[in-house]
There are 2 protein chains.
Amino acid sequence: MSLRYALLGFLSTTPASGYMLGRKFASGAGAMWEAFPSQIYPELRRLEKLGWIEGKTSPRDKLRRRVYQVTALGKRELQNWVAGDESAHPAERDAERVRFLFIDRSDIAVIRRHLHRHLAHYEQRLEQWRAHRDAIVAGTQERMRDRLADCPEEEKAFVTTIKCFAFEGLVRHAEMEISWAKEILAWLDKVKGKKNVKVLPFKAPRQKAPRTGGAQKSRSKKAR
Amino acid sequence: MSLRYALLGFLSTTPASGYMLGRKFASGAGAMWEAFPSQIYPELRRLEKLGWIEGKTSPRDKLRRRVYQVTALGKRELQNWVAGDESAHPAERDAERVRFLFIDRSDIAVIRRHLHRHLAHYEQRLEQWRAHRDAIVAGTQERMRDRLADCPEEEKAFVTTIKCFAFEGLVRHAEMEISWAKEILAWLDKVKGKKNVKVLPFKAPRQKAPRTGGAQKSRSKKAR
DNA sequence: TACATCATGTAATCGGTTACATGATTAT
DNA sequence: ATAATCATGTAACCGATTACATGATGTA
């Protein structure tokens, strides 16, 4: 159900066609949600049937583009969703991390390649997200200008800051992944291609509570 | 296809039944991948048909538990996946972040509630992931002991460190989300319930990319 | 006895992906 | 003329979620 609200949210500041939404979603202002055209077009039709958005095709337009706008009802529904209490946190499902968890049996060269790909991936995203955040601060982002157009003068700084913080979260995530990968690569450099390691980057934590990692049973005696 | 390898990876150190995998996946050693029983059981059967795992039901077991072990073929397939070049980074699809992006029209009380839920969510995960990491360092995690059992003495430190780093990534992500939310809450405190804001946490970035070849623009005065 | 938990499944459904179809416009 | 891009879709499929079914074991 989140694609629905991602589309609605996008359209709430800037009317757009399905094609434009697809483009922007792929790499643009909607860098938080990716979707394929085959999912976007039917969803827009459903949204229109619900009366949350309204599409218009200009009869003179030979490309029969359908440009959608959010209705008053749609705006209310978006605000209800945004303000809702149900957490939208998705289930933990991090395939790359799982891969890394089981990479210890691979050659160090394989581990290094994995980390370099990880780096490349997040460096690209960092650049993209940072550009968005900076454009919002600088006031050069088009959608942000649309948003501020119908906004009381005294609230403009507030709205801009909230939008910045949204992208700031993504920026920090990318930065974290990059420093994580770099740290491991630096550690692997010290190890010099051998798994016979003495240099340990982790020290045993001081236990403050006898809280174990797996079961609540302490290791006093194994069952059976 | 990742559930397949998550299951395979888990079973590669510790034989387990479908039920146990479901439990561990929900909140345990497999805190990186969540799955429902209705997905786990059929996948295990498929894996068995492929010959990657082998299940045994003890005839004396009235609960007819089916305990699976990874075969030699399964271990090879797992290593092939782990070492694979295709990036398993999922499409960007962060519903909570999208929500925050469109929260600027809501009351500040609503924004605060949203951030408090965000905090609660990641504080819980942080505790869970930190416990795992610490248990691995301390050598008290059961699955880690299984992994180290058939491991040459001189490689134990290496393997332990890799596993730690895997959970360290999750720990840092949770820490980032927590400090992100706290920062925004602190900013909202300064604002004191009004959207008429003067306190700006972001300053306009120095432009480096669009170098127009003239004088450097010093601070643009407040975004529009 | 009744209820919670252990343990394994099936069926319907939903969201997301891949593949394919169709036609118009713009650039080479 | 050809290719690339604009623009909107349909169909088949796959992975994940919800709901439901079944029976055994352990505990109040």
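When reading the values below, keep in mind they use all heavy atoms of this one structure, side chains included, and skip hydrogens, waters and symmetry mates. Per chain, numbering begins at 1; letters A, B, ... match sequence-line order.
The salt bridge (Lys or Arg N to Asp or Glu O under 4.0 Å) test applied to B/E77 returns no partner, not counting sequence neighbours. Partners of B/D150 according to the salt bridge (Lys or Arg N to Asp or Glu O under 4.0 Å) rule, which considers only residues two or more places apart in sequence or in another chain, are A/R105. The salt bridge (Lys or Arg N to Asp or Glu O under 4.0 Å) test applied to A/R97 returns A/D94, A/E177, not counting sequence neighbours.
Between the CZ atom of B/R4 and the P atom of D/dG15 there is a distance of 8 Å, given to the nearest Å. Distance, A/R93 CZ to D/dT17 C1': 9 Å, rounded to whole Å. What separates CE of A/M1 from P of D/dT17 is a distance of 15 Å, to the nearest Å.
When the nearest nucleotides of DNA chain C are assigned to B/Y68 and B/A91 by heavy-atom distance, the more 5′-ward of the two goes with B/Y68.
Residues of residues 37-54 of chain B that place a heavy atom closer than 4.0 Å to DNA chain C, in numerical order, are B/S38, B/Y41, B/R45.
Protein chain B contacts DNA chain C from C/dC6 to C/dT17, reading 5' to 3' and using non-hydrogen atoms of the protein with a distance under 4.0 Å.
Remark: B/R172 does not engage B/E175 in a salt bridge, criterion side-chain N to carboxylate O under 4.0 Å.
Taking OH from A/Y68 and CG from A/L44, the interatomic distance works out to 5.0 Å, rounded to the nearest 0.5 Å.
A cation-pi arrangement, defined by a distance under 6.0 Å to the six-membered ring centre and an angle within 45 degrees of its axis, is present between A/R4 and A/W52.
Within the structure, the salt bridge (Lys or Arg N to Asp or Glu O under 4.0 Å) test picks out the following pairs touching residues 51-61 of chain A (sequence neighbours left out): A/D61-A/R65.
In terms of modelled atom types and a separation under 3.5 Å, the side chain of B/T14 and the main chain of B/L11 share no donor-acceptor contact.
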